[in-house]
Chemist: 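One structure follows; several queries about it will come next.
Within every chain, numbering begins at 1; the chains are lettered A, B, ... in the order of the sequence lines, protein sequences first and strands thereafter.
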Number of protein chains: 4
Amino acid sequence: MPQRLTVRGNKRRTQIIDYAARKFAADGYHETSVADIVNGLGVGKGVFYWYFESKDALLKEILVDAQRDLRRKQRQAIADEPDPLRRISAAIRTSFVWLSSNVHLFLLLEQAKTDERFYNLVRHGEEMAVADALPHVKAGMDAGMIRRDDPLVIAHAILGVTTSLARLLIVDNKEDPLLAADRAIAFCMSGVSFNGKAKERPAGIL
Amino acid sequence: MPQRLTVRGNKRRTQIIDYAARKFAADGYHETSVADIVNGLGVGKGVFYWYFESKDALLKEILVDAQRDLRRKQRQAIADEPDPLRRISAAIRTSFVWLSSNVHLFLLLEQAKTDERFYNLVRHGEEMAVADALPHVKAGMDAGMIRRDDPLVIAHAILGVTTSLARLLIVDNKEDPLLAADRAIAFCMSGVSFNGKAKERPAGIL
Amino acid sequence: MPQRLTVRGNKRRTQIIDYAARKFAADGYHETSVADIVNGLGVGKGVFYWYFESKDALLKEILVDAQRDLRRKQRQAIADEPDPLRRISAAIRTSFVWLSSNVHLFLLLEQAKTDERFYNLVRHGEEMAVADALPHVKAGMDAGMIRRDDPLVIAHAILGVTTSLARLLIVDNKEDPLLAADRAIAFCMSGVSFNGKAKERPAGIL
Amino acid sequence: MPQRLTVRGNKRRTQIIDYAARKFAADGYHETSVADIVNGLGVGKGVFYWYFESKDALLKEILVDAQRDLRRKQRQAIADEPDPLRRISAAIRTSFVWLSSNVHLFLLLEQAKTDERFYNLVRHGEEMAVADALPHVKAGMDAGMIRRDDPLVIAHAILGVTTSLARLLIVDNKEDPLLAADRAIAFCMSGVSFNGKAKERPAGIL
DNA sequence: AATGAATGAGCATTCATTCAT
DNA sequence: TATGAATGAATGCTCATTCAT
């Protein structure tokens, strides 16, 4: 609501965003009341509405921020990589690394995606991530490295594998993100079959 | 609450379950009130609590029913298939067919999975589906048809691809479920690469 | 909110309307909370919203009902009166009688008229009252009994005198409504001057 | 709160009073928050409470100022007029002129009159206006120019006509105030009947 | 004089659940 | 079995007012 924030104000704002994101992820958006948030922070209820127009607006901001942050990281990771398959691998790896240090945001995104009110927002972010990946998938096809299919389908399948294994390996099993990424990459490259020519040589930590 | 239901009572019950499931899927569980349900059915509020202990209990029943139904269908489809890869393909294909005629249940399951209160329930159902698939994955590995990795990881990756492409191709694009399934199978079999020996010969409709 | 009300329900509804109207008039609409109303009636908060969509909706209903009631009474009083001036007098007299037994509704109408949200509603009711009076004013002009001016202006002036003297004589001084009406009629007929030919012979109760 | 204001401080104060008066009149006192006022003026919230003890106190000051201003103007207009009826006419005319250039204050007074908290204040101002008019009404009666009735009733009736026609002709129809005043005067002088001897010769501007 | 931040009681409204009939 | 009525805790949000700087 206020136009310009002081340094103190900006700290408060960030504090609320961070606390709320974790609480939403842990207890659920609907189950977390504004009262829970402000009480948890030990501030008055008015503080919340000083910084955010509504509870919905806060979640939207969290979601947009999270997706923007992940996207930015992915672009950086891909930037210097000429090989299409390696680009895709790098993107997957970045996702796992980002996710493992932002588990709450991952869970929150998954949650929001199933809520009519936020579905479009999350979906839009995903579409952009998919759109980012599309050129590389196409380039891979043109270079004969990737089998021909609708690139959109390929991209969504990769997203599905990433999401699914992130939940299993990172959230539940708390595995190392780079090792987990390698397994997702392996599946995306050759599915259940043995490595074909599409297999890239992983540049992971080990 | 009631022990035994008359024939009429059973119809009412089923009617409520069906209406509620669609409403929950369309508008969201939290956004759908018990009043919405009973008003939509043109009955009094007492009816609801005659048949169900609570709103939560109703959703749980819907979820369990849905997962049981899908699982039963998958078992039937797999029963006569000796080849491990074909079993997996058949399971995927069954999922797509079931999903395409139960889109609301698919969406509801996705939704419930992100809700703390129902997460364990849905997860438990998924674990069973994964458990069902596990022997086939292992058999495939033993037969040298599937590369060696943690079978659980493979199973979850397949689940991720299925879920992701079901949403894209069935829910959003309303594609034919068997064609959609073939694309998911293709990805699961060989990822982005060209079909290796792991590729099964599809036995789809065409 | 409910479609059909039982006898009991209708009683409750009327009870709420009546209690709220008096409370609104006494303490002010804004100053009276829904909690005040339900506590005053000794019922739960949900009861209010079982019968009314909102606090605003309740006030609107009170206002419309009040204006409809007054209008109906005025029409009855005028029905058998052939003389234009006597019709006007009868309408004024009816207003005073109605007002004296519905002081709270009078005050509430005055209050609502100054509230942006209800202004149009009240104004619309007044316009109808004025429209009811217009033909008689015109008839009086045509018959040479009323001086020529915009009938709308005349009608509003009469309304102004009625409102103003009702507040002074009925609300504040608690005078007899018929005597009070006679004073308003006298002013409307000849203003500050002595009775000219426009003076009607009062047919008041005494 | 502050005892003495600097020149700049006085300007601020006047600025707030003026802005708030218009906002209150346009949107309603309750609907206008202190935040609305300070934001509309582009100043901080503290400013408001530097100059005014409370929101209520501000409105009270606006109301008192408005009534004092109108009263002062009426006294000036009446000062040199010996004829009782002409005095009354002059007062009515002054009201219309003042109202037409202070529509927001007129509306605000009407609004405040229906609010328990401000009723007494506004009423007190009106009583003083009535008290101002009373001697002239009495003088008119003594001179045989005005029919005998309770002067208070006559004065309130005049006030009612003025208020009612001001709303119709000035606020709604935006008529010329002097022409509008003439119509109010005509009604006050002879009601609906033709001009008797009570009719004064209007000394309006034209 | 002025600002942005903070307070917290209060408000309208919702809704799962219970109850009398 | 079924209904309409009732409950009341909880929620998101507002806003007059105060405070630290």
Chemist: Between Glu110(A) and Lys113(B), is the closest basic N to carboxylate O distance under 4.0 Å?
Modeler: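 Salt bridge between Lys113(B) and Glu110(A), a charged N being under 4.0 Å from a carboxylate O: no.
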Chemist: Could you tell me the separation between the CZ atom of Arg12(C) and the C1' atom of dT7(F), rounded to a whole number of Å?
Modeler: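 The answer, rounded to whole Å, is 12 Å.
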Chemist: Tell me the closest heavy-atom pair linking Arg117(B) and Lys60(B), and the distance in Å.
Modeler: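 Taking every non-hydrogen atom into account, O-CE, 4.2 Å.
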Chemist: Would you mind classifying the nucleic acid contact of Phe52(C) as base, sugar-phosphate or nothing, using non-hydrogen atoms under 4.0 angstrom?
Modeler: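 No contact at all - Phe52(C) keeps every heavy atom at 4.0 Å or more from the nucleic acid.
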Chemist: Hey, does Phe48(C) reach any base, or is it just sugar-phosphate, or nothing, if we go heavy atoms under 4.0 Å?
Modeler: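 Phe48(C): no heavy atom of the nucleic acid under 4.0 Å.
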Chemist: Considering heavy-atom distances to DNA chain F, does Val7(C) or Thr6(B) have its closest nucleotide positioned more toward the 5' end?
Modeler: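 Taking each residue's closest nucleotide, the earlier one in sequence belongs to Thr6(B).
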Chemist: Over how many whole Å does the gap from Tyr29(D) atom OH to dC15(F) atom P extend?
Modeler: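 Interatomic distance, OH of Tyr29(D) to P of dC15(F): 13 Å.
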Chemist: For the pair made of CG in Leu5(A) and C1' in dA5(E), what is the distance, rounded to whole Å?
Modeler: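 Taking atom C1' of dA5(E) as the reference, CG of Leu5(A) is at 10 Å.
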Chemist: Take the protein atom OH of Tyr49(C) and the nucleotide atom P of dA10(F), then report the distance between them rounded to whole Å.
Modeler: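 Checked: the OH to P distance equals 18 Å.
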Chemist: Nearest whole Å is fine: how far is dA1(E) C1' from Arg13(D) CZ?
Modeler: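 In whole Å, dA1(E) C1' and Arg13(D) CZ are 14 Å from each other.
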Chemist: Mind pulling the stems DNA chain E is in, i.e. runs of at least three Watson-Crick or G-U pairs, everything under 3.5 Å?
Modeler: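 Stems found: E:2-21 with F:2-21.
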Chemist: How many Å lie between OH on Tyr51(C) and C1' on dT13(E), as a whole number?
Modeler: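 Value for this atom pair: 18 Å.
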Chemist: Distance from Leu107(C) atom CG to Arg167(C) atom CZ, nearest 0.5 Å?
Modeler: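 If I round to the nearest 0.5 Å, the distance is 5.5 Å.
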Chemist: If the threshold is 4.0 Å, N to carboxylate O, is there a salt bridge linking Glu61(C) and Arg68(C)?
Modeler: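 Salt bridge: no.
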Chemist: Which is true for Lys55(A) with a 4.0 Å heavy-atom rule: it touches a base, it touches only sugar-phosphate, or it touches nothing?
Modeler: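 Sugar-phosphate, no base atom in range.
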Chemist: Taking the nucleotide of DNA chain E with the nearest heavy atom to each, does Lys45(C) or Gly44(A) sit closer to the 5' end?
Modeler: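 Upstream on the strand: Gly44(A).
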Chemist: Where is the tightest heavy-atom contact between Ile37(B) and Ile16(B), given as atom of each residue plus distance?
Modeler: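 Where Ile37(B) meets Ile16(B) most closely, the heavy atoms are CG2-CG2, 4.4 Å.
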Chemist: Name the residue closer to the 5' end of DNA chain F, choosing between His30(A) and Gly9(B) according to the nucleotide with the nearest heavy atom.
Modeler: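 First, find each residue's nearest nucleotide; the 5'-ward one identifies Gly9(B).
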Chemist: Report yes if at least one side-chain N or O of Arg8(D) is closer than 4.0 Å to OP1 or OP2 of dA2(E); otherwise report no.
Modeler: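 Yes, such a contact exists.
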Chemist: Are Tyr29(B) and Asp115(A) close enough, and set up right, to give a side-chain hydrogen bond (donor to acceptor under 3.5 Å, both in side chains), and what steps lead you there?
Modeler: CA-CA 9 Å; Tyr29(B) 175 72; Asp115(A) 191 315; over 6 Å; no
Chemist: Between P on dC15(E) and CZ on Phe24(B), what's the gap in Å once rounded to a whole number?
Modeler: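 Value for this atom pair: 12 Å.
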Chemist: Below 4.0 angstrom from OP1 or OP2 of dA5(E), is there any side-chain N or O of Trp50(A)?
Modeler: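 Answer yes for this pair, as a side-chain N or O of Trp50(A) is under 4.0 Å from OP1 or OP2.
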Chemist: Under 4.0 angstrom, heavy atoms only, what part of the nucleic acid is Gly46(D) near: base, sugar-phosphate, or nothing?
Modeler: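 It contacts base atoms.
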Chemist: By nearest heavy atom, map Val43(A) and Val47(D) onto DNA chain E; which one lands nearer the 5' end?
Modeler: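 Result: Val47(D).
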Chemist: Using the rule given for side-chain hydrogen bond (donor to acceptor under 3.5 Å, both in side chains), can you reason through Glu31(A) versus His30(B), listing the C-alpha separation, both sets of side-chain angles and the distance that settles it, and then say yes or no?
Modeler: CA-CA 10 Å; Glu31(A) 284 73 17; His30(B) 285 286; 3.3 Å; yes
Chemist: What is the separation between atom CD1 on Ile16(C) and atom P on dA12(E), rounded to the nearest whole Å?
Modeler: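 Interatomic distance, CD1 of Ile16(C) to P of dA12(E): 15 Å.
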Chemist: What are the two closest non-hydrogen atoms of Ala21(C) and Leu105(C), and how far apart are they?
Modeler: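 It is CB-CD2, 4.1 Å.
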Chemist: Below the 4.0 Å mark, does dG4(E) have OP1 or OP2 next to a side-chain nitrogen or oxygen of Arg4(A)?
Modeler: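 For dG4(E), OP1/OP2 do not have a side-chain N/O of Arg4(A) under 4.0 Å.
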